[in-house]
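Read the structure below first, then the notes.
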Amino acid sequence: MKLHARLTVIFTLMATLILALASIIIVLEVHYHFEMFKMDVPNFAAFKPLVLHFERAVLGSILWTSLGVFLLVCLLSYVVARKLSRPLVDMRKAAEEMTKGDLKIRVHTKGNDELQELAHSLNRLASQLEEQELARVNMTSDIAHELRTPLTTLKSHIEAMVDGVFEITTERLHSFREEIERLISLVEDLEQLTAYEAPDFSLTKEREDIGKVIQQSIETIKESFNRKGVELYFKECSCYLPFDRNRLIQVFLNVLTNALKFTPKGGTVTVETQIGKEDIQIIIKDTGIGMGTDEANRVFERFYRTEKSRNRRYGGSGIGLTIAKQLIDAHQGNIWIESMPGKGSCVYIALPLQEK
């Protein structure tokens, strides 16, 4: 039985029960008052035919009125049930279309009640699923691109060597090793990102000095800065807060590595902290090539690169900052970038001082 039919039956049964009880009570009350009239009037025999006729007329009117009201209740119940069930039926149809892959479908309802809120929730779900599907398609395309380019390069060079076009040299073998290491790094980044986005992912937080962790991260990557000729400064600080030490080191290394890639020789990268009432901000500022506002808003997306040519020398795998954002979100913090072309970039990492 369809929903509007069930609602019609329920409304009709409830209204019929109420109508029946009300009719029985009225009939009993009318009969009672006629009996009282019979006892109180001395010459009742003279009026008896008229009284009996009047009583039957009153009782008949009550019964016919009840029957008419019953029919009206059935009609109104059907109309109301149809109106109440229509949004639910539309939402069911929309859900069925979503299961078939049509994520552009939306439900349109009127009013400001729970059904409207349910429709909005379903529409938000459809929008999120559509975004996730688009992200999945883009991610698949990006992964295919990332894997295809080095594999094609390796294949073409190996075929040239097999055919005797290229001579097998140490330099070419070294180039092969770099391409393979790049592929391994990409796969490892994807594995990490998948693990961090899993529902069961959790942090191992301990209350430690964030300044010491930043200093450790800087010591780890400082040699890379020295080799490129980029100065790295850190204004030491001391601030205790709960965090996962290893995960934050990974965040700082990813951000510092990214700053190093885009900062030319002779440039500088500065790390400083600002302690507020509720959080601490770690600010990593470089004097690199910078980027536009639109690009700064998208750098945390998977595989996004500011280099339109997707140059690997500067672009990397495009996952490092995505991993950093995922880990900062897990710490209930926030990370964002402010940048201008030719004037460098500034990465802000805000972490709460207390557990939320």
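Not measured: the values here are computed from a predicted model. The first residue in the sequence is number 1, and the count goes up from there.
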- Message: side-chain contact (heavy atoms from CB on, under 4.5 Å) for Q326 and T322? Distances and angles first, verdict last.
- Response: CA-CA 6 Å; Q326 194 69 28; T322 306; 5.7 Å; no
- Message: The test is side-chain contact (heavy atoms from CB on, under 4.5 Å); show your working for E208 and K212 and say whether it passes.
- Response: CA-CA 8 Å; E208 298 186 53; K212 293 182 179 179; over 6 Å; no
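- Applying the side-chain hydrogen bond (donor to acceptor under 3.5 Å, both in side chains) test to Q274 and every residue at least two apart in sequence or in another chain returns nothing.
- Side-chain polar atoms of S127 and R106 form a donor-acceptor pair below 3.5 angstrom.
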- Message: salt bridge (Lys or Arg N to Asp or Glu O under 4.0 Å) for R92 and E97? Distances and angles first, verdict last.
- Response: CA-CA 9 Å; R92 176 185 62 80; E97 293 298 321; over 6 Å; no
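- Side-chain heavy atoms closer than 4.5 Å link hydrophobic residues (I, L, V, M, F, W, Y) into clusters, and following such links, possibly through other members, connects L118 to I105.
- A side-chain donor-acceptor contact under 3.5 Å links S339 to the backbone of M291.
- With rounding to the nearest 0.5 angstrom, the CG atom of L248 is 10.0 Å from the CD atom of Q250.
- Around atom CD1 of I168, no more than 12 heavy atoms belonging to other residues, nucleotides or ligands sit under 6.0 Å away.
- Minimum interatomic distance between D286 and A259 (heavy atoms only, all atoms of both residues): OD2-CB, 3.8 Å.
- Judged purely by atom type and a 3.5 angstrom limit, E295 uses its side chain to pair as donor or acceptor with the backbone of G292.
- Few gaps surround CD on E96; more than 12 heavy atoms of other groups in view lie less than 6.0 Å from it.
- Side-chain contact between I24 and L28 is present, with heavy atoms from C-beta onward closer than 4.5 Å.
- Remark: the backbone N or O of L260 is paired with a side-chain donor or acceptor of K228 at under 3.5 angstrom.
- A pairwise comparison of heavy atoms in S217 and L253 identifies O-CD2, 3.5 Å as the closest pair.
- Within the 4.5 Å cutoff, side-chain heavy atoms of I214 are placed close to those of F252.
- Side-chain contact between L72 and L76 is present, with heavy atoms from C-beta onward closer than 4.5 Å.
- At a threshold of 4.5 Å between non-hydrogen side-chain atoms, the residues V213 and F243 count as touching.
- Between L353 and E278 the shortest side-chain heavy-atom distance does not fall below 4.5 Å.
- Under a hydrophobic clustering in which Ile, Leu, Val, Met, Phe, Trp and Tyr are joined whenever their side-chain heavy atoms come within less than 4.5 Å, directly or via other members, I283 and Y233 fall into different clusters.
- The side-chain heavy atoms of I335 and Y348, taken from C-beta on, include no pair separated by under 4.5 Å.
- Summarising the local packing, CD of E167 is surrounded by 12 or fewer heavy atoms from other residues, nucleotides or ligands at distances under 6.0 Å.
- Taken to the nearest 0.5 Å, the CG atom of L256 stands 10.0 Å off from the OG1 atom of T220.
- Atom CG in L241 sits 10.0 Å away from atom CG in D279 (nearest 0.5 Å).
- Between T257 and K261 there is a side-chain heavy-atom pair separated by less than 4.5 Å.
- The backbone N or O of K205 sits nowhere less than 3.5 Å from a side-chain atom of D244 that would complete a donor-acceptor pair.
- Here the closest non-hydrogen pair linking K265 and V230 is CA-CG2, 4.4 Å.
- Looking only at side-chain heavy atoms (C-beta outward), R245 and Q216 come within less than 4.5 Å of each other.
- Here the OG1-NZ distance, from T273 to K235, works out to 9.5 Å after rounding to the nearest 0.5 Å.
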- Give the C-alpha distance, both sets of side-chain angles, the deciding distance and a yes or no for side-chain contact (heavy atoms from CB on, under 4.5 Å) between F234 and E272. CA-CA 6 Å; F234 172 50; E272 60 182 69; over 6 Å; no
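- The hydrophobic clustering, which links ILVMFWY residues whose side-chain heavy atoms are closer than 4.5 Å, places I218 and I249 together.
- By the side-chain hydrogen bond (donor to acceptor under 3.5 Å, both in side chains) test, E206 pairs with no residue at all, sequence neighbours left out.
- Note on L17 and I26: separate hydrophobic clusters, where clusters join Ile, Leu, Val, Met, Phe, Trp and Tyr whose side-chain heavy atoms are under 4.5 Å apart, directly or indirectly.
- Contact detail for L321 and V299: the closest heavy-atom pair is CB-O, 3.7 Å.
- S345 approaches I337 most closely through the heavy-atom pair CB-CG2, 4.4 Å.
- In the hydrophobic clustering of this structure, L13 does not group with I18; members are Ile, Leu, Val, Met, Phe, Trp, Tyr whose side-chain heavy atoms approach within less than 4.5 Å, directly or through other members.
- Note: L203 CG to Q332 CD = 9.0 Å, rounded to the nearest 0.5 Å.
- Between F176 and L154, the shortest heavy-atom distance links the atoms CD2-CD2, 3.5 Å.
- Residues meeting the ring pair (Phe, Tyr, Trp, His ring centres under 6.0 Å) test with F70, sequence neighbours left out: none.
- Side-chain atoms of D209 do not come within 3.5 Å of backbone N or O of Y240 as any donor-acceptor pair.
- Of the inter-residue distances, the one linking I282 atom CD1 with I284 atom CD1 reads 8.0 Å to the nearest 0.5 angstrom.
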- Apply side-chain contact (heavy atoms from CB on, under 4.5 Å) to the pair K285 and E338, showing each step before the final yes or no. CA-CA 9 Å; K285 185 177 182 179; E338 295 180 359; over 6 Å; no
